[in-house]
**Q** 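My questions all concern the structure below.
Position 1 is the first residue of the sequence; numbering continues from there. Note: hydrogens, waters and symmetry copies are ignored here, and every other heavy atom, side chains too, is used.
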Amino acid sequence: MATSAASAQDYTRRPPDLDRLTQELFAEIQSDQVPYEDLYETLLQYYQTPINLNTATREELRVLLLLNENQITTLLLHRQANGDLLSVYELQSIEGYDLRTISRILPFVSVQSSNLHAARGSLWQRIAREDNNALYLRYERVLQERQGYTPPTLYHGQPTTRYLGSPDKMLIRYRVSHTKDFSVGFSLEKDAGEPLSWNPGSGRLGPDYVSAHVLLQERGRLKTLALGDYQLQFGQGLLLSSGLGVGKGAETITTLRRSSVGVRAYASLLENTFFRGGAATVQMAPTVQATAFVSHKNVDANLQQAQDSLAQFDEFTSGLLYTGFHRTASEIANRHQLSETIGGGNLGYTSRDGNLALGATGVFTHYGTPLLKRAEPYNRFEFSGKENLALSLNYSYVWRNLLLFGETARSTGGGLGTVNGLLASLGPTVDAALLVRHYDADFHTLYGNAFSENTRNINETGVYFGLKVRPVARWEVSAYYDQFRFPWLRYRASAPTAGHDALVRLAYTPTKTSLLYVQLRQRLKPRDLPAADVVRPIPLPGEQLRQSLLLYCNTAPSTALELRTRLQASRLRDDPGLPWRRGYVLAQDVSYQLNRALKLTARYALFDADDYDTRQYVYEHDVLLAVSVPALYGQGTRVYGLAEIRLNRSLTLWLRYAETRYRHQETVGSGLETIQGALRSEVKAQLRVKF
């Protein structure tokens, strides 16, 4: 990995342990739909463009999710009283900064005396000289033949559906960036099954997904200018939220609040979480910033014609498609069928001492074809039509060791959404958090992602309590309890329901390189059960209860060898009186740094899950900038090996092989992903070329 130079510091930043940090942030992975790749890349980006502790604002320090409000306040006061830090080692003299905290933030921060952009030459010279200037080439493939790649057969006289492209997945990616200066990059990706085709008229330029961006910062009053693909995050994310958002996790305090980071460059491979067009932030006054943005792109949707002459719309779509796959004829037919235009802005005020921040955000969305959900009871209050206007106000205020924050928004039709919270450092070793949220059933936010139990901010009311205590050195207890209810019906919940989610984690850090913890979690979230005789004549929600246990041990017997053991187990019951179903996975990881040129990582895991509902998600080490979180169910073993080979100063090669071997199964997967046999194996190779 690259190491940026820092003029006023006399240490070499070590690469962050993103695997371990991710596992510390996330309490339990329960879905592969969460954009972990976006989070992973955001953390990596902070490593490649570290935050300057001598110029960082309170909001910029919060983004890291690794500092509490008391630590941020003491750092700002230290800077105010003593001037710029001379070295990161000076952090040890600041109240509240223990060795664990310093060790966690070191990869993401730097100490520089001033803005050195001018001294580094012109923009082109700065780009050419940047350490993280690199091109990535990636290839991956499943070795077994899947049904989607077999010759089509006839069904009722018609050929069956098959993938139109090869099973190869390929990626080309380039990016270079520098903190508060610039970011330039592009990405080209072809997923497995997608054909390569050149048809500029339909937006197909070889690979299926093409993304590019240019972002400039700190040009006088122009604070940020983004062209191409970008992300936005303001307030608590009710209207605009992207990037680093963890939500409920083992970090029970700092991850609760969203950071208002404004305009960010987008270089990820997720095909539906970005804006495309332009955005600019201007410093209107020393304490006032204004942001304006416009975005236009075509998104995937299945357009339908109304069969009833009295229907509300002649042509409509029942919803947007987010998979990003365009492998079959029907997926290609749905590709980029719906035009989406979004415009809006944010006006923000930050007091001179940084303690008070106020903001107002407006977002207007226009679709070329109306959205109309299926006529199901749970869709009664869903968004329909072509246009949606949403307005919000957000605030953040620091008083002593307390941080108050919140955002309230209203969308077209009158739906209200509000989220308000409090973070408190009750003492040097005790932190607490409280968050209250309410999202009406008719509150519509199309790019929002504020704190919630569901994946969208709609039809939900809840209260969250978080606590973190460090009773003695090296020990830490984290806990949260979240009570929520859904006043209207949901998908797979045919009645108003309520539930809770609770977690306790006890962590012990015997050394800087070792970590042990045990975690218990319980979540009650009602879900429909099928009709059954007179007891349940129609589908109604049962009290589905999930209980989970996680044991984790990370130790480094030597500087070259690292061992990680993970045991996670869960049991699930659909309703009181019904039987428990169970799943577990036991995984052992080994990493060995053979020499400066070669690092090997491997895992052997056993898993046993009764069904798909008790499947286990386990984070895996992958090539740089990639994330692997497979879902394991059934019985079997999961094995992978990864080699990181530094060929020379410019070239680094990653090679990865992974396989899942099932027991008592004759096929793997379903539908077009079906494999005949009990084995699924994947290979992946990535080359990084540094300039």
**Q** Are R258 and E407 ion-paired here, with the side-chain N under 4.0 Å from a carboxylate O?
**A**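 Result for this pair is no, no salt bridge flagged.
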
**Q** Does a donor on one side chain sit under 3.5 Å from an acceptor on the other, for T408 and T418?
**A**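 Yes, side-chain donor-acceptor contact under 3.5 Å.
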
**Q** Verify the distance criterion only: is there a donor paired with an acceptor across the side chains of H296 and E340 at less than 3.5 Å?
**A**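 The answer is no; no qualifying pair exists.
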
**Q** I'd like to know if R527 and D613 make a salt bridge, using a cut-off of under 4.0 Å between side-chain N and carboxylate O.
**A**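 Yes, charged N to carboxylate O under 4.0 Å.
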
**Q** Side chains of residues 380-387: which donor-acceptor pairs under 3.5 Å do they make with residues two or more places apart or in other chains?
**A**
from : atom 1 : to   : atom 2 : distance (Å)
E382 : OE1    : R456 : NH1    : 3.4
E382 : OE2    : R456 : NH2    : 2.5
E387 : OE2    : H366 : ND1    : 3.1

**Q** Between the side chains of R638 and T660, does any donor sit under 3.5 Å from an acceptor?
**A**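 Side chains of R638 and T660: pair found under 3.5 Å.
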
**Q** Cut-off 3.5 Å, side chains only: do Q337 and R335 have a donor facing an acceptor?
**A**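 No, because no side-chain N or O of Q337 sits under 3.5 Å from a partner of the opposite role on R335.
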
**Q** Just verifying a value: how many Å separate T461 OG1 and D440 CG, rounded to the nearest 0.5 Å?
**A**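 T461 OG1 to D440 CG: 8.0 Å, rounded to 0.5 Å.
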
**Q** Does a donor on one side chain and an acceptor on the other come within less than 3.5 Å for Q676 and E666?
**A**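 Absent: no donor and acceptor within the cut-off.
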
**Q** Is the F443 ring parallel, tilted or perpendicular to the Y439 ring (thresholds 30°, 60°)?
**A**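 Ring orientation, 0 to 90° scale: parallel.
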
**Q** Answer yes or no: is there a donor N or O on one side and an acceptor on the other, between the side chain of N388 and the main chain of H444, under 3.5 Å?
**A**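 Checked: pair present.
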
**Q** Would D622 and K684 pass as an ion pair if we require N to O under 4.0 Å?
**A**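 Here D622 pairs with K684 in a salt bridge, since their nearest N and O are under 4.0 Å apart.
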
**Q** Below 4.0 angstrom, N of the basic side chain to O of the carboxylate: do K190 and E194 qualify?
**A**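 No.
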
**Q** Test salt bridge (charged side-chain N to carboxylate O under 4.0 Å, His left out) on K525 and E543; report intermediate values, then the result.
**A** CA-CA 7 Å; K525 191 172 183 180; E543 298 292 307; over 6 Å; no

**Q** Do we see a donor-acceptor contact under 3.5 Å between the side chains of Y163 and E673?
**A**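 A donor-acceptor contact under 3.5 Å links the two side chains.
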
**Q** Determine the sole option in L256, T255, L238 for which the side chain to side chain contact (heavy atoms under 4.5 Å, CB included) test with F451 is passed.
**A**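 Going through L256, T255, L238 one by one, the side chain to side chain contact (heavy atoms under 4.5 Å, CB included) with F451 is satisfied by L256 alone.
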
**Q** Nearest 0.5 Å, what's the CZ-CZ distance between R523 and R521?
**A**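 R523 atom CZ to R521 atom CZ measures 6.0 Å (nearest 0.5 Å).
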
**Q** Salt bridge or not for K248 and E453, using N-O below 4.0 Å?
**A**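 Yes.
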
**Q** Compute whether any side-chain donor of one residue and acceptor of the other, for N298 and S339, lie under 3.5 angstrom apart.
**A**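 No - no donor-acceptor pair under 3.5 Å links their side chains.
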
**Q** Side chains of T317 and Q304: donor-acceptor distance under 3.5 Å anywhere?
**A**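 Not at all, the side chains of T317 and Q304 share no donor-acceptor pair under 3.5 Å.
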
**Q** Identify whether the distance between the nearest side-chain nitrogen and carboxylate oxygen of R680 and E659 falls below 4.0 Å.
**A**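 Looking at E659 together with R680, the answer is no, because their closest N to O distance does not fall below 4.0 Å.
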
**Q** Using 30° and 60° as the class boundaries, would you call the ring planes of Y633 and Y612 parallel, tilted or perpendicular?
**A**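 Aromatic pair Y633/Y612 classed perpendicular.
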
**Q** Please determine whether a side-chain nitrogen of the Lys or Arg among D610 and R571 lies less than 4.0 Å from a carboxylate oxygen of the Asp or Glu.
**A**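 R571 and D610: not salt-bridged.
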
**Q** Quiz question: by atom type and distance under 3.5 Å, do the side chains of D191 and H326 form a donor-acceptor pair?
**A**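 Per modelled atom types, D191 and H326 side chains form no pair under 3.5 Å.
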
